[in-house]
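Some notes on the structure that comes next.
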Amino acid sequence: MPNNTKVTARAKTENIRQHIAQIFTQAQFMSADEIENINRELVVFEICEDDSIGSIKELLKTNNFFLFISDKLHDAILLELSKEYYFVFCLKEDPEKEIEIRFNTLKQHRSIKLELEEKTEELESTIFELAFASTNVLEQNEFLEQMAKKDGLTLLYNHSYFKDKLKDEMQRSERYNNHFCLALMDIDFFKKVNDNFGHLKGDEVLKVYANTIKECIRSTDLASRYGGEEFAIIFTETDLEHSIMAVERIRTKLAATIFESNGEQFQITFSTGITPYHKCYTDVEFMVGVADKALYLSKSTGRNKFTVLMGEDVCG
């Protein structure tokens with residue numbers, strides 16, 4: 001019975017061409033060059049005297065599935081190629097039933113291989129999606145971890161994280177005799193901004209002030225929103241002189257910032273209390289208290305200024 005499976009065929013001798021056409025009713029005949037340009041097709045291919053191991057190998061490098069119709073002269077070549085490639089072959093004098101059996105074996109192999117390739121692609125896609133999802137989860141976790149440390153409005157570090165880092169810095173300085181300074185900064189008359197221009201404008205002022213701080217300090221320093229309109233900066237491995245210079249950079253940049261609301265313009269200033277680390281500072285609260293006392297002195301003696309309190313003066 002003729003096989004109605006669609007196949008691509010190449011036959012150079014007329015009797016083989018007729019034989020193939022009789023067995024495979026949907027055979028489409030092509031040249032060897034044309035067959036090299038198709039993909040994943042069932043190919044019935046007559047091997048002739050001028051076909052070499054090299055030319056046959058080039059065909060087998062394609063993704064097609066070959067049933068070779070050969071003579072015994074090519075047995076050695078096909079045996080050699082079978083060590084590297086999969087194909088089916090039969091002799092030109094084999095009966096139709098034998099060719100049909102071998103072709104069905106090839107067709108089944110093609111079906112299994114294509115299904116396996118499809119499953120492999122699905123698996124690779126799933127692995128990629130899982131890897132992508134895993135990366136996203138890690139990134140999201142990292143983002144959430146970072147956001148847990150930060151103030152939602154200004155995106156500076158929050159009060160809790162600031163205290164943890166200040167504790168770490170104090171322990172590091174105690175161990176290695178490093179220098180660092182703490183500055184507490186409070187916006188002057190911030191309540192008037194909220195009362196006169198509204199809380200949304202007040203939030204804008206806080207965000208601009210926070211960005212100004214970030215632009216004027218080093219990446220190794222740590223700035224935080226300590227609470228309300230009060231901010232804190234840890235100047236790591238920095239002496240008093242350079243800490244004051246950083247605070248004054250912030251003051252200069254902020255002085256050039258003009259805020260507007262309903263056609264009215266205004267500016268803001270801030271007061272600062274600074275203290276360098278001293279070994280007498282036994283804990284975080286003690287050091288923060290000294291800086292807060294210095295801040296109070298700035299606010300009570302005119303505002304828009306800084307005051308320094310040294311550990312030697314506080315501890316005696």
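When a residue number appears, it is its place in the shown sequence, counting from 1. Predicted, not measured: the structure shown is a model, and the values here were computed from it.
Rounded to the nearest 0.5 Å, atoms CG (Leu42) and CD (Gln26) are 12.0 Å apart. Considering CD1 of Ile23 and CD of Glu96, their distance stands at 5.0 Å, rounded to 0.5 Å. One distance of note links SG of Cys181 with CD of Glu169; it measures 10.5 Å at 0.5 Å rounding. With rounding to the nearest 0.5 Å, the separation of SG in Cys216 from CD1 in Ile233 is 9.0 Å. A distance of 7.5 Å separates OG1 in Thr272 from CD in Glu248, rounded to the nearest 0.5 Å. Distance check: Leu182 CG to Leu222 CG gives 10.5 Å after rounding to the nearest 0.5 Å.
Nearest heavy-atom pair, Gly311 versus Thr275, reported as atom, atom and distance to 0.1 Å: N-OG1, 4.5 Å. The shortest heavy-atom contact between Ala11 and Phe29 is CB-CE2, 4.1 Å. Across Val308 and Pro276, no two heavy atoms sit closer than the pair CG1-CD, 4.5 Å.
Ile274 and Leu297 are not part of a single hydrophobic cluster, where members link through side-chain heavy atoms under 4.5 Å apart. No continuous path of hydrophobic side-chain contacts links Leu155 to Ile187 [ILVMFWY only; heavy atoms under 4.5 Å].
Between the side chain of Thr105 and the main chain of Ile101, a donor-acceptor pair closer than 3.5 Å is present. A donor-acceptor pair under 3.5 Å is formed between the side chain of Thr257 and the backbone N or O of Lys253. Side-chain N or O atoms of Glu34 include one that pairs as donor or acceptor with a backbone N or O of Ser31 at under 3.5 Å. A distance-only check finds a donor-acceptor pair linking the side chain of Asn196 to the backbone of Lys192 [under 3.5 Å]. One N or O on the side chain of Gln267 and one on the backbone of Ala255 form a donor-acceptor pair closer than 3.5 Å. Of the possible donor and acceptor atoms, one in the side chain of His159 sits under 3.5 Å from a partner among the backbone N and O of Tyr226. The main-chain N or O of Ile20 is never found under 3.5 Å from a side-chain atom of Arg17 such that the two would form a donor-acceptor pair. One N or O on the side chain of Asp188 and one on the backbone of Asn304 form a donor-acceptor pair closer than 3.5 Å. A side-chain donor-acceptor contact under 3.5 Å links Asp94 to the backbone of Leu91. A distance-only check finds a donor-acceptor pair linking the side chain of Thr238 to the backbone of Thr236 [under 3.5 Å].
Remark: Asp186 pairs with Lys299 by the side-chain hydrogen bond (donor to acceptor under 3.5 Å, both in side chains) rule, at least two apart or across chains. Applying the ring-ring contact (aromatic ring centres under 6.0 Å, His included) test to Phe306 and every residue at least two apart in sequence or in another chain returns nothing. Ser298 meets the side-chain hydrogen bond (donor to acceptor under 3.5 Å, both in side chains) test with Thr307; sequence neighbours excluded.
Ionic pairing of Glu117 and Arg40 is present here: one or more N-O contacts between side-chain nitrogen and carboxylate oxygen are shorter than 4.0 angstrom. Ionic pairing of Lys12 and Asp50 is present here: one or more N-O contacts between side-chain nitrogen and carboxylate oxygen are shorter than 4.0 angstrom. Salt bridge annotation for Glu98-Arg102: present, with a cationic side-chain nitrogen under 4.0 angstrom from a carboxylate oxygen. Comment: Arg10 engages Asp51 in a salt bridge, judged by a side-chain N to carboxylate O separation of less than 4.0 angstrom. At a threshold of 4.0 Å, the pair Lys6-Glu41 does not count as salt-bridged, since none of the basic side-chain nitrogens sits closer than that to a carboxylate oxygen. Electrostatic pairing of Lys61 and Glu58 counts as a salt bridge here, judged by a charged N lying under 4.0 Å from a carboxylate O. Under the 4.0 Å criterion applied to side-chain N and carboxylate O atoms, Arg218 and Asp221 are assigned as salt-bridge partners.
Considering only heavy atoms from C-beta on, Arg225 stays 4.5 Å or farther from Asn158 through its side chain. With contacts defined as side-chain heavy-atom distances shorter than 4.5 Å, the pair Thr13/Ile16 qualifies. With contacts defined as side-chain heavy-atom distances shorter than 4.5 Å, the pair Met310/Val314 does not qualify. With a 4.5 Å cut-off on side-chain heavy atoms, Leu240 and Ile244 count as touching. For the pair Ile213/Thr154, no side-chain contact is recorded, criterion being any heavy-atom separation below 4.5 Å from C-beta on. A heavy-atom distance below 4.5 Å is found between the side chains of Lys201 and Phe266. Glu174 is listed as a side-chain neighbour of Lys279, based on a closest heavy-atom distance under 4.5 Å. Looking only at side-chain heavy atoms (C-beta outward), Glu229 and Lys191 stay at 4.5 Å or farther from each other.
A 6.0 Å sphere centred on NZ of Lys214 holds more than 12 heavy atoms belonging to other residues, nucleotides or ligands. A 6.0 Å sphere centred on CD of Glu49 holds no more than 12 heavy atoms belonging to other residues, nucleotides or ligands. Summarising the local packing, OH of Tyr161 is surrounded by more than 12 heavy atoms from other residues, nucleotides or ligands at distances under 6.0 Å. Counted within 6.0 Å of CG on Leu200, heavy atoms from surrounding residues, nucleotides or ligands total 12 or fewer; the atom is thus considered open.
Screening residues 236-282 for disulfide bond (SG atoms under 2.5 Å apart) gives Cys280-Cys315 as the qualifying pairs, with residues at least two apart or on separate chains.
The ring of Phe180 has its center no closer than 6.0 angstrom to the ring center of Phe235. The ring of Tyr157 has its center no closer than 6.0 angstrom to the ring center of Phe162.
Under a 4.5 Å side-chain heavy-atom criterion applied to ILVMFWY residues, the cluster that includes Leu81 comprises Met30, Ile35, Ile38, Val43, Phe45, Ile47, Ile53, Ile56, Leu59, Leu60, Phe66, Phe68, Ile77, Leu78, Tyr85, Phe87, Phe89 as well. Chaining together hydrophobic side chains whose heavy atoms lie under 4.5 Å apart leaves Met245 on its own.
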The test is salt bridge (Lys or Arg N to Asp or Glu O under 4.0 Å); show your working for Arg249 and Glu215 and say whether it passes. CA-CA 9 Å; Arg249 281 198 302 272; Glu215 291 169 3; over 6 Å; no

Does the side-chain contact (heavy atoms from CB on, under 4.5 Å) test come out yes or no for His19 and Ile99, once each step is laid out? CA-CA 11 Å; His19 194 49; Ile99 295 174; 3.6 Å; yes

If you apply the rule side-chain contact (heavy atoms from CB on, under 4.5 Å), what do you find for Asp151 with Ser224, and how did you get there? CA-CA 8 Å; Asp151 170 63; Ser224 69; over 6 Å; no

Go through the steps for Met287 and Met170 under the test side-chain contact (heavy atoms from CB on, under 4.5 Å), then give the verdict. CA-CA 9 Å; Met287 188 170 185; Met170 291 176 70; 4.2 Å; yes

Yes or no on side-chain contact (heavy atoms from CB on, under 4.5 Å) for Gln108 and Ile112, after CA distance, side-chain angles and deciding distance? CA-CA 6 Å; Gln108 184 177 15; Ile112 292 172; 4.1 Å; yes

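Arg303 forms a cation-pi arrangement with Phe189, by the criterion of a distance under 6.0 Å to the ring centre and an angle within 45° of the ring axis.
Ser111 and Lys107 share no side-chain donor-acceptor pair at under 3.5 Å.
Classification of the Phe65-His109 ring pair by plane angle, with boundaries at 30° and 60°, yields perpendicular.
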